[in-house]
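One structure below.
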Amino acid sequence: MPELEALLREERVFYPPEELVNRSNIKQFMDKHGIKSYEELLDRSKDLNWFWTEMAKEVGIEWFSEPKEIVSWEPPYVKWFVGAKYNIVHDALDKQAKLRRNKVAYIWEGEEGLERKITYGELYWEVNRLANALKELGIRKGDRVAIYLPMLPELPIAMLACAKIGAMHADVFSGFSPMALRDRINDSEAKLLITADGFYRRGGIIHLKEDADKALEDASSIEKVIVLERIGLKVPMREDRDHWWHEIVSKQPRECETEVMDANDPLFILYTSGTTGKPKGIIHAHAGYAVGVAATLKYVFDLKENDVWWCTADIGWITGHSYIVYGPLILGATSVMYCGAPDYPKPDRWWKIVEKYGVTVFYTAPTAIRMFMKLGDEWVEKHDLSSLRLLGSVGEPINPEAWLWFYKHVGKERCPIMDTWWQTETGHFIVTPLPITPLKPGSAVKPFPGIEADVFDDDGNSLARKNAGGYLVIKKPWPGMLRGIWRNPERYAKTYWEKFEGIYLTGDAARIDEDGYFWIQGRLDDVLNVAGHRIGNSEIESALVSHPAISEAAVVGKPHEVKGEAIVAFVVLKKGYKASEDLKSELREHVGKEIGKIARPDEIYFVPDLPKTRSGKIMRRLVKAKLTGGKIGDTSTLMNPESLILIEQVIERS
Ligand code: PRX
């Protein structure tokens with residue numbers, strides 16, 4: 001494959017079609033301001049006040065009262081659009097219900113083939129009625145509402161209803177286990193939970209309310225539960241606590257006033273994995289986040305009034321929050337939402353959807369692309385995908401092979417691929433191509449205008465254009481920047497701001513080539529990236545040691561063809577327990593129950609001991625090196641070198 005070889009040497013550059021460039025939103029913005037080139041755009045946008053004021057105007061932000069200051073930066077805390085009164089729901093919904101009342105906001109399809117279309121007008125009534133129901137159940141400004149729903153239109157409705165009355169939503173991915181839900185409820189002290197009876201997945205039924213009930217056995221902050229009837233399951237309802245969505249909502253008025261918030265009031269909490277301890281409750285606020293998600297979507301994915309946008313993520317993750325809910329709604333876009341497995345009943349399900357609804361802009365993850373590559377080209381070739389004009393990727397580095405396949409088979413060599421780098425913490429794209437930039441497969445190109453990212457060496461010197469690996473950092477605040485970790489300011493300061501003062505540490509490694517293009521190299525910490533999602537090694541380890549047979553565990557990642565990283569667990573048995581294949585299966589199921597199926601280890605090794613430092617810390621780096629054949633590096637702090645030899649023997653034997 002000479003083509004691929006060339007790619008690995010980073011020689012190939014793909015240029016966007018001229019027509020796309022000329023008609024792009026970014027080109028129009030540049031023309032309006034007399035900006036002649038991409039470089040000039042990046043340069044001019046260093047004036048943050050000017051650039052983000054313009055962006056707020058461009059995405060049509062309507063303030064209840066104008067900001068007095070654009071950005072106020074007192075590291076590590078930022079405020080955007082200071083002094084303004086605002087509510088994101090005004091731009092995402094109230095305004096749209098007038099401007100685009102009969103335009104479809106969501107085209108929804110269920111796995112069983114059911115189809116629903118919801119206009120902005122309908123969305124508006126539904127959100128208002130649910131918001132009124134929340135008020136009736138005692139929810140007030142500042143309260144937290146946990147949402148545990150699959151990909152149904154009621155999920156954005158629930159989020160918007162919370163935001164409308166000034167409450168914070170804390171979504172929990174519906175694939176997470178009762179225990180994971182319980183921990184997130186307890187940390188956020190949510191007062192109300194919104195869930196559903198159940199849903200279909202790969203032809204089977206997921207009993208969501210049953211799982212929610214398990215979580216609630218030990219989540220005392222929850223006072224009320226709203227249950228959506230999705231598939232008509234008979235579920236136990238606790239009379240003093242549980243309400244059917246349709247019953248409580250049907251009696252509510254269809255108007256509900258939108259709470260006037262401060263621009264910097266919190267909008268939601270979303271949990272994401274860290275290296276140590278429990279997941280971090282990342283806080284995002286109303287106005288900065290609104291401007292950031294809408295502007296990046298408008299200029300990176302070039303959304304126009306007639307586009308049909310499909311972001312295949314689950315709303316339970318940040319990608320769905322920003323680019324299925326808030327971003328597209330603020331732009332008044334039409335989005336596709338699909339609730340089901342991508343390859344069910346056949347491997348062409350997604351391509352069928354693209355063809356059926358005429359999707360024009362399609363945003364997915366490398367893990368999905370690799371899965372479709374494996375399933376065979378014929379499934380995608382069967383369908384007419386000529387409606388597509390732009391593609392996107394997120395979640396993990398996209399390998400050139402997958403990039404090329406996506407480009408060729410899905411985009412038919414017409415559609416540029418926007419490889420967007422960002423995180424739960426950043427709220428929106430940070431390093432990303434624009435439709436006008438030449439692309440190098442595997443590179444996320446450069447920071448979005450108005451964002452200053454860089455790569456530092458250990459001492460904080462810039463490695464820009466040196467093509468040397470280092471710490472990916474962000475040097476200036478950006479609108480969608482996280483506002484903290486819920487009730488944990490120390491962890492916030494330590495995780496992101498301690499290494500380089502006043503500089504945001506992303507936790508990723510990257511290099512910047514001679515042309516200024518960024519190449520993301522993956523996480524620097526022990527957090528795994530499985531199918532584009534961060535999974536904390538510590539969470540899986542603590543799930544493993546909660547099994548009676550296990551005394552210690554180390555979890556590391558290993559490259560995986562489809563998922564990006566496979567989860568590999570090294571466990572030490574307690575006295576009296578024997579290693580066996582049955583026990584391995586049991587442990588996998590145990591982790592599935594504790595955290596969710598996504599966290600189940602792909603491989604488990606029983607080892608007599610784990611390498612540790614003198615202070616007792618497990619040296620996962622060494623375990624990983626043994627597993628993947630990587631460099632062992634410095635072992636001066638290793639207390640028990642013999643453990644490594646034993647691990648090597650166990651790996652060899654299996
Ligand atoms: O390691 C990076 C990887 O995903 C991490 C963020 O994970 P999460 O907060 O779950 O959000 C995922 C969706 C935004 C990053 O620290 N990552 C995300 N996008 C890319 C990526 N790695 C390489 N290229 C990307 N485009």
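Order of appearance sets the numbers: ligands from 1, and atoms from 1 within every ligand.
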Could you tell me whether [X] and ligand 1 have an N or O pair separated by under 3.5 Å?
{"X": "Ser393", "result": "no"}
{"X": "His533", "result": "no"}
{"X": "Asp419", "result": "yes"}

Decide whether [X] and [Y] meet the rule of one side-chain donor and one side-chain acceptor closer than 3.5 Å.
{"X": "Thr432", "Y": "Thr420", "answer": "no"}
{"X": "Asn467", "Y": "Glu514", "answer": "yes"}
{"X": "Thr426", "Y": "Tyr504", "answer": "no"}
{"X": "Asp171", "Y": "Tyr148", "answer": "no"}

Who's the nearest protein heavy-atom neighbour of [atom], and how far?
{"atom": "atom 12 (C) of ligand 1", "answer": "Gly532 O, 4.0 Å"}
{"atom": "atom 15 (C) of ligand 1", "answer": "Asp508 OD2, 3.5 Å"}
{"atom": "atom 13 (C) of ligand 1", "answer": "Thr319 OG1, 3.4 Å"}
{"atom": "atom 19 (N) of ligand 1", "answer": "Gly395 N, 3.1 Å"}
{"atom": "atom 7 (O) of ligand 1", "answer": "Arg534 CD, 3.0 Å"}
{"atom": "atom 9 (O) of ligand 1", "answer": "Thr424 OG1, 2.6 Å"}

So for Asn529 against ligand 1, with non-hydrogen atoms under 4.0 Å, the contacting part is side chain
| said: Heavy atoms only, cut-off 4.0 Å: how does Ile520 contact ligand 1, side chain, backbone, both, or neither? | reply: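 The side chain, only.
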_Within-shell test, Pro397 vs ligand 1, heavy atom, strictly < 4.0 Å_ = yes
Are the charged groups of [X] and [Y] less than 4.0 angstrom apart, N to O?
{"X": "Lys446", "Y": "Glu39", "value": "yes"}
{"X": "Arg184", "Y": "Glu189", "value": "no"}
{"X": "Asp515", "Y": "Lys440", "value": "yes"}

Taking the six-membered ring of Tyr77 as reference, does the cationic atom of Arg483 (NZ for Lys, CZ for Arg) lie under 6.0 Å from its centre and within 45° of its axis?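 Output no; distance or angle outside limits.
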Point to revise | Winner among Glu425, Glu396, His321 once heavy atoms are compared against atom 24 (N) of ligand 1 | key: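 Nearest heavy atom to atom 24 (N) of ligand 1 lies in Glu396.
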Worksheet item: Run the side-chain hydrogen bond (donor to acceptor under 3.5 Å, both in side chains) check on Trp403 and Asp419 step by step: do they pass?
Response: CA-CA 9 Å; Trp403 195 101; Asp419 177 2; 5.6 Å; no
*Near Trp422, which atoms of ligand 1 are under 4.0 Å from a heavy atom of that residue?*
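Those qualifying, in numeric order: 6 (C), 14 (C), 15 (C), 18 (C), 19 (N).
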* Which of the numbered atoms in ligand 1 are below 4.0 angstrom from a heavy atom of Val394? ->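 Counting atoms of ligand 1 from 1, those under 4.0 Å from Val394 are 13 (C), 14 (C), 19 (N).
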Q: Give me the ring orientation class for His533 and Trp317: parallel if the planes are under 30° apart, tilted from 30 to 60°, perpendicular past 60°.
A: parallel
